[in-house]
There are 2 protein chains.
Amino acid sequence: MADCGTIGINFRFMPVFPNNLSLRQLRAFDEVARQGAFAPAARELCITQSALSESIRQLEEALGMRLVDRTTRTVGLTSAGQAFLQDVRHAFDTLEQGVQHLSDLAALRRGKVRIAAAPSVLAVLLMPALPRLRAEHPGIEVDLIEDSAEGIALRVHSGQVDFGVGAAHPAGGELLTQPLVSDQMGLVAQADEPLLQAAQLHAADLAQLPFVGLTTDTAISQLLATAPGMPANVLHTPLRVSNPALLFDAVRQGLGVSLIPALTAQHPARGALGFRVLDTPQVVRRTLLIQRPRRALSPAAQLLCEALVAQVHTLSHQAGMLPD
Amino acid sequence: MADCGTIGINFRFMPVFPNNLSLRQLRAFDEVARQGAFAPAARELCITQSALSESIRQLEEALGMRLVDRTTRTVGLTSAGQAFLQDVRHAFDTLEQGVQHLSDLAALRRGKVRIAAAPSVLAVLLMPALPRLRAEHPGIEVDLIEDSAEGIALRVHSGQVDFGVGAAHPAGGELLTQPLVSDQMGLVAQADEPLLQAAQLHAADLAQLPFVGLTTDTAISQLLATAPGMPANVLHTPLRVSNPALLFDAVRQGLGVSLIPALTAQHPARGALGFRVLDTPQVVRRTLLIQRPRRALSPAAQLLCEALVAQVHTLSHQAGMLPD
DNA sequence: CGGTGTTACGTCGAGCGTAACAATA
DNA sequence: TATTGTTACGCTCGACGTAACACCG
């Protein structure tokens, strides 16, 4: 490498910063001031007197100023030393505080997690885990952002969220995905709908029923569109809503039935509506955990990740759930 | 030396302080964050990428936490890294400020000097130098403390003042002294006193005049007491005052004449009173510069010291002055 | 003498550069 | 392919300890 600092244009600000001095020297100075003598300070620092003496000498040389008045028997600080000591200790406190902050992050005493996810994931997988998380880690802030598959991908890619949960989507380029849970599509209808009690439920059975769909930008809608054997009224619905909660409201109002994933059926907004898995075709929705590649999750984000997986396991016995 | 940290009782506070990390690593971290990449940061730091990479690795290892997310092409900070960066920069600013303070002290832009001295020294040697000093170094604070020889010695010994100027005194133990100026004792009297014009002035000439003295705790009084050939009215005075200003007032009131050093005669409070050196005996007062041994003077104190010496030279042509 | 801080000197390891590698755009 | 970050491997210089010294109580 070319020797630096030769002609280079970029001298920048360069305020003669302590390029020379080291934390060792400053720590040594602090301890000498604290102890008022070299010998005990050296013991405290776990070095010999000679090493300590050398450190102080170097520090004074680097600063071009005498900091300590040596009197063989007792040691005192120069007025300059006293002034400098203030700042050194302040800097130490700041650094120590910084390390403490890191420790807090690692120990989950502090932190902030931002998650983007599909509505059902938020309501069914994350919300139930929050009370315990809030109780056990009150210092961790959580932002839950409801979004579409595309929005999730974009938010993950831009780093706006720590990770996302939802369907795969090409937006956002290459993202690191990991299967979290798969579930089957099923019929949601008013409780007295006879099909809910049928021995077998086929997609064709829905052909004559009024059908309420999700807007076409949703991953679920697109999943149904690619599934084989879907009757026309399922593929082209006269009424489309953008999220499960509205869908449940529509079904409850008698506007029709719908097909939703089993996980979404766990949404509290379903209320007393009935649900059963579709036997043919088996339409499986895969929900992924989506991260930026080569980006480490913060400890708090890991915690929520784990809570998410745990919640998946809790719900794994429900009809139509296929945990990965 | 016994290996430290074994059983020792003194674990003290020991808050897992950054015992490992160094300023180099922190500076490297700061620069990586600033540049957003290793290569330019390494150039800025005048080291190779490999060295920089190693520094960051060590820092992360010391902190037990990933600070930088490497993406080969671009580099981002972990949330932990962002939080830590704040504190690191704050600590840097504090240190830089400390160094700046030292620089200010050295360049006489800031500073504080405390001086203890005899009244005549303050009024005659220091006061005249102050206007220029205040003009040239407005950031330097000066404390002038008027005191007796004993008080000066004690204040110097205790470190309450940077240095003292006055007569020698055993109080305060071993002090570093340096002759500053010597001057002869002389007669101070109302301007019409015939002795002021005499060809020769002998101590015995004062025997019949009313005499006003300084209190016996003053160095001048003690000096006169040990001088040979002093008439009784000089040695035992019915009226004693504690400082030259009062003495001048007394003489002006016609209460008597007195003997004072030539330097003191330069005191502005003398007004129109006459002064002439005593021819026999020649009584010489030695004024010393008094410092604590093995204690370096601050730059500001040195400045005042030099101003003091310069003022001595300015007055060296006056009658009775014997600069050393 | 006991204890202080300083200096001299030999040793060892941390920190660096060179070079080869891996991975992205 | 060009550029970036990582790893491997010597090397050198700085930081340490031992020891001898100088100094004060």
Side-chain angles (χ1 to χ4, degrees), chain A residues 1-5 19-29 31-33 35-62 66-78 81 157 173-176 292-296, chain B residues 1-5 19-29 31-33 35-62 66-78 173-176 292-296:
Chain A
M1 151 156 228
D3 54 339
C4 185
N19 277 327
N20 320 327
L21 43 80
S22 73
L23 278 187
R24 266 188 30 266
Q25 295 162 354
L26 296 176
R27 174 89 187 95
F29 172 57
E31 195 62 40
V32 166
Q35 301 286 342
F38 278 52
R43 279 192 291 274
E44 196 64 38
L45 295 168
C46 303
I47 57 176
T48 58
Q49 288 183 24
S50 69
L52 176 58
S53 181
E54 177 67 8
S55 281
I56 297 294
R57 195 195 62 76
Q58 286 176 3
L59 180 61
E60 289 177 329
E61 184 188 0
R66 201 158 190 76
L67 298 176
V68 178
D69 274 325
R70 282 87 153 171
T71 318
T72 318
R73 213 53 178 178
T74 189
V75 164
L77 263 55
T78 304
H157 181 77
E174 307 246 324
L175 293 176
L176 184 64
R292 260 218 293 197
R294 324 243 166 196
R295 284 289 198 271
Chain B
M1 153 158 228
D3 54 339
C4 184
N19 276 327
N20 320 327
L21 42 80
S22 74
L23 277 186
R24 266 190 28 268
Q25 295 162 355
L26 296 176
R27 174 89 187 95
F29 173 56
E31 196 60 42
V32 167
Q35 302 286 344
F38 277 53
R43 277 192 292 274
E44 197 64 38
L45 294 168
C46 303
I47 58 176
T48 57
Q49 289 183 23
S50 69
L52 177 58
S53 181
E54 176 68 7
S55 281
I56 298 295
R57 198 195 61 75
Q58 285 176 4
L59 180 60
E60 291 177 328
E61 183 186 1
R66 202 158 189 76
L67 298 176
V68 177
D69 273 326
R70 283 86 153 170
T71 319
T72 316
R73 212 54 179 178
T74 189
V75 164
L77 291 183
T78 303
E174 308 248 322
L175 294 176
L176 184 63
R292 257 212 302 192
R294 324 239 167 199
R295 284 288 200 270

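Labels below follow one simple rule: chain letters A, B, ... track the order of the sequence lines, proteins then strands, and each chain is numbered from 1.
Side chain of A:Glu60 to main chain of A:Val68: a donor-acceptor pair is present (N/O by atom type, distance under 3.5 Å, no hydrogens or angles). In terms of modelled atom types and a separation under 3.5 Å, the side chain of A:Asp69 and the main chain of A:Thr78 share no donor-acceptor contact.
Atom CD in B:Gln58 sits roughly 11 Å away from atom C1' in C:dC16 (whole-Å rounding). For the pair A:Gln49 CD and D:dA15 P, the interatomic distance rounds to 19 Å; values are reported in whole Å. Atom-to-atom, CD of B:Glu61 to C1' of D:dT7 comes out at 15 Å; the value is rounded to the nearest Å. The CG atom of B:Leu21 sits 15 Å away from the C1' atom of C:dA14 (whole-angstrom rounding). At whole-Å resolution of the value, CD in A:Glu54 and P in D:dC13 are 17 Å apart. Following rounding to the nearest Å, B:Leu23 (CG) and D:dA15 (P) show an atom-to-atom distance of 13 Å. Protein atom CG of B:Leu52 is 13 Å distant from nucleotide atom P of D:dT4, rounded to whole Å. We find that CZ of B:Arg43 is positioned 11 Å from C1' of D:dT3, with the value rounded to whole Å.
The side chain of A:Ser50 approaches C:dA8 more closely than any other nucleotide in the set C:dC16, C:dA8, C:dG5. The B:Ile47 side chain lies nearest to C:dC16 when the options are C:dT7, C:dC16, D:dC16. Listed nucleotides D:dG5, D:dT18, C:dT6 differ in distance to A:Arg70; the shortest reach to its side chain belongs to C:dT6. Listed candidates were D:dC16, C:dT4, C:dG15. Nearest to the side chain of A:Arg24 is D:dC16.
An OP1 or OP2 oxygen of D:dC16 is reached within less than 4.0 angstrom by a side-chain nitrogen or oxygen of A:Ser55. Distances shorter than 4.0 Å separate none of the side-chain N or O atoms of A:Arg57 from OP1 or OP2 on C:dT7.
Between the side chains of B:Arg24 and A:Ser22, not a single donor N or O lies within less than 3.5 Å of an accepting N or O.
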side-chain contact (heavy atoms from CB on, under 4.5 Å) between B:Arg70 and B:Ile56, intermediate numbers included: CA-CA 11 Å; B:Arg70 283 86 153 170; B:Ile56 298 295; 3.6 Å; yes
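Remark: A:Glu54 engages A:Arg57 in a salt bridge, criterion side-chain N to carboxylate O under 4.0 Å.
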